[in-house]
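What follows is a set of notes on a single structure, which appears directly below.
The basis for the numbers below is simple: all heavy atoms, side chains too, and nothing from hydrogens, waters or symmetry mates. Here is the naming used below: chain letters follow the sequence lines, and residue numbers restart at 1 for every chain.
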Amino acid sequence: MSDLEKFRAEVRTWLDENCPVEMRDGDITAEGQCWGGRQWEFQSEVQKIWFERALTKGYTVPTWPKEYGGAGLSGEEAKILDEERQAINARKPLSNFGISMLGPALLAYGTHEQKQQHLTGIARGEIRWCQGYSEPGAGSDLASLKAKCEDKGDHWLINGQKIWTSNADISDWIFCLVRTDFDAPKHQGITFILIDMASEGISVKPIVLISGHSPFCETFFDNVKVPKSYGEGNASVVGEINRGWDVAKNLLVHERGMLGTMSPLRGTTGPENLGKFAAEQIGLDAAGRLDDPALRQSIAQAELDNWAYNLTVERLTDEANAGNGLGAKSSMLKYAASELTKRGTELRMDIEGTTAATIGDDGIEYGSLANNWLYNRAYSILGGTTEVQFNIISKRVLGLPSQ
Amino acid sequence: MPLLLNEEQEMLQDAANGFLTEKAPVAAFRKVRDNKPADGFCRELWLEMAQMGWAGIIVDEEHGGSGFGYVGAGVLAEQMGRNLTASPFFATSVLGATAIQKYGTKKQKDNNLAAISSGEMLFALAVDEGPRHNPARIKFLAKAAGNGFVLSGTKTFVIDGHVADKLIIAARTSGAEGDILGITLFLVDADAPDIMREHTPMVDSRNAANISVDGLEVTGDDILGELGGGYGALEGILSAGRAVLSAEMSGSAQQVFEVTTDYLKEREQFGQKIGSFQGLQHRAAHLATEIEMMKSAVLKSLKDLDQDFENAGMTCSLAKAKTGQIAQLATKEAIQMHGGIGVTDEYDVGLYFKRVHVAQQMFGDAGFHSDRWAKNSGF
């Protein structure tokens, strides 16, 4: 038996013995996940048990080094763990932006002390992070951001506004892009800084979207003092001052990777099993075909495209593990995933017709199809619009020239 | 198992790339097109391929093949797609070899597989009877007579039908046109006097034939697979054909796309490289993404054929649906992005456009396969 086969057998046994049956319901909705953080309350005792068992094993962040709370798994081992977890339909023990975005950037750019504090806090589910990137005047043109960060000797002073800060109202810390040099070319005056959301002068206001409720917030910084350091070797700034764009870009690749491989696609709002659902709702004709030929063709096409997309996630992940790296191809996955996600709910809205368009007296119900359909418009905008992904693919994958 | 080529398959890919770019580049295909040899391909080239083990790529080693399986066949087909290589590979080494190896009796295997592997014997599969692929709509009659059958009917678009030594004919032994039951495959000599073959050159400069049979007497020994239950075998052969054809189209799509992006980096208009225009960049980025999706579907279908042949039908449909659309998009965009020279005969992209059109019609286009997928999924 090869080492990987042995590892698979061990993982299978471990999952079998440690994952509670209640956590094997395949729930991948935002509500079903364990997010962690100071304000976190477990939804059930078994959810807590599953989290704690995974934590002991380092499986909340399987690929991170053991000294920072991970299990030190290789990419191939992590894939096996994921496959085995999905094979029994188990939920992830912990998911949040700290794991998928900040963590990988800190691993690449952080000092040992920064990793010690922040990675361990993420791995243990103690600190929930939000992302302070976009500003009202810096959307697709992120590098034009203006949040001002001044050097005041023993501390930094921050003034400005961030927007689209997902879950800012329930997060503990924020990783933030601020401008430390207003005279330098726009990419060269940006600094990447870590800030406690409990700091005086930070205020948060939720944003109501076309879908109603949303995780998005506006975050305001009004004379916020941020310590230069959280301890020996543990600066609040990650990487070099004025070189935060490097860290930011690294993190964006991970964000696109996450958005490109996450599962808004699966489950009830994705393009899987649309045909079956349509058959129940609309019925079949005498030849056994969906009694709506145009819709049938659109659904079949979406299901096939979704299948090809899932295979591409698998193949590109395998390629990345084999050492070729995912790199800018994460933009392809991000683009494809967001378009498919939108198509999935659009088709479902078409299948349910006027029923789905009826919302009742209380407005758009959270978690309803209409809610998802409307919210999904944001997928091809957040994390870099489809057009920004196309720009990245053109330059970084295809090597097309700039104007 | 990773969804990647293994080391051995990568070596095959390198070897195929090296051989074909040297011996059978697009220029060689142009020569075949312009000189119009009766075969429609170059015999010497085919025998050279056979010597390298390509003719018997999926054939077991005990029958003289090289036992590389369908991933191996796909690897070769992809490189042939890149170079527009015309050869009997598809009809003989994929369709013929699959038919015999998967469904033949011991005697049929012994009589045919070694001759396929050596490149001596050419095969053709006769399925369709109209201009659109529809393998259940078979009228071609095999009427029971004494100990055998009498075959009569016509077949269209039989690839390599004009040169084949053996024909595999899907005929009806019972039931009505459109029924899945009652189809039987017959393996017959193509030069029998009761068989008329009309050579039909295609728009992609490849060759097919219309075949009419009038009262050909055959015996039960000429049946390939089950009497009346030939549809299952036909599906298996078609699945293998769809996957390998998809690999060929994928190769063509990748090649024209690379040629096109190179052109975008060189061609100047309005004082700058046209590849710097966002109007073209975004179309190229979209296409690049779709090509990745297509490649995944193709590789998965080939792997499924090797690992679980009987249940690979739907993945093969996925591959054919996806390549049908994306290879067409890639060739159309190639012409458009090249502008004027894209529609000249001198320039290669038009040759890819023609080939991809015929290949996507062959064994079902994207519409056919999404319909098949829907039917299989119960809607």
Worksheet item: Is any side-chain heavy atom of B:Thr289 closer than 4.5 Å to a side-chain heavy atom of A:Lys329?
Response: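 No, side chains not in contact.
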
Practice prompt. Answer with side chain, backbone, both or neither: which region of B:Thr315 has an atom nearer than 4.5 Å to a non-hydrogen atom of chain A?
Written response: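 For B:Thr315, backbone and side chain are both near chain A.
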
Where is the tightest heavy-atom contact between [X] and [Y], given as atom of each residue plus distance?
| X | Y | answer |
| --- | --- | --- |
| B:Ser296 | A:Thr312 | OG-OG1, 2.7 Å |
| A:Gln297 | B:Ser370 | NE2-OG, 2.8 Å |
| B:Phe379 | A:Ala279 | CB-CB, 4.2 Å |
| B:Leu3 | A:Asp318 | N-OD2, 2.7 Å |
| A:Arg296 | B:Lys375 | NH2-N, 3.7 Å |
| B:Met293 | A:Ala336 | CE-CB, 3.4 Å |

Worksheet item: Parallel, tilted or perpendicular: which describes the rings of A:Tyr335 and B:His286, with under 30° parallel and over 60° perpendicular?
Response: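 Rings of A:Tyr335 and B:His286: perpendicular, as their planes differ by over 60°.
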
Please flag which part of [X] lies under 4.5 Å from any non-hydrogen atom of chain B: side chain, backbone, both or neither.
| X | value |
| --- | --- |
| A:Asp285 | neither |
| A:Leu304 | both |
| A:Leu316 | side chain |
| A:Glu387 | both |

Mind ranking [options] by heavy-atom pairs under 4.5 Å with chain B and telling me who comes out on top?
| options | result |
| --- | --- |
| A:Ala300, A:Ala287, A:Ala308, A:Pro401 | A:Pro401 |
| A:Gly283, A:Ala322, A:Gly399 | A:Gly399 |
| A:Glu319, A:Met332, A:Arg315 | A:Arg315 |
| A:Ser394, A:Ser331, A:Gly288, A:Ala278 | A:Ser394 |

If you count heavy-atom pairs under 4.5 Å with chain A, which of [options] comes out on top?
| options | answer |
| --- | --- |
| B:Met314, B:Glu290, B:His369, B:Glu292 | B:Glu292 |
| B:Thr261, B:Leu280, B:Leu299, B:Asp371 | B:Asp371 |
| B:Ala321, B:Ser276, B:Ala319 | B:Ser276 |

Worksheet item: Would one find more than 12 heavy atoms of other residues, nucleotides or ligands at under 6.0 Å from atom CG of B:Asp308?
Response: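 Yes, because the 6.0 Å sphere around CG of B:Asp308 holds more than 12 heavy atoms from other groups.
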
Discussion item. Counting neighbours of CD on B:Glu7 that are heavy atoms of other residues, nucleotides or ligands and sit closer than 6.0 Å, is the number greater than 12?
Written reply: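 No, CD of B:Glu7 has 12 or fewer neighbouring heavy atoms, counting only those of other groups under 6.0 Å.
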
Can you tell me how far [atom2] of [Y] sits from [atom1] of [X], rounded to the nearest 0.5 angstrom?
| X | Y | atom1 | atom2 | answer |
| --- | --- | --- | --- | --- |
| B:Ser301 | A:Leu311 | OG | CG | 9.5 Å |
| B:Gln281 | A:Ile393 | CD | CD1 | 11.0 Å |
| B:Gln278 | A:Phe390 | CD | CZ | 10.5 Å |
| B:Gln272 | A:Ser402 | CD | OG | 11.0 Å |
| A:Leu398 | B:Leu287 | CG | CG | 9.0 Å |
| A:Gln301 | B:Gln325 | CD | CD | 4.0 Å |

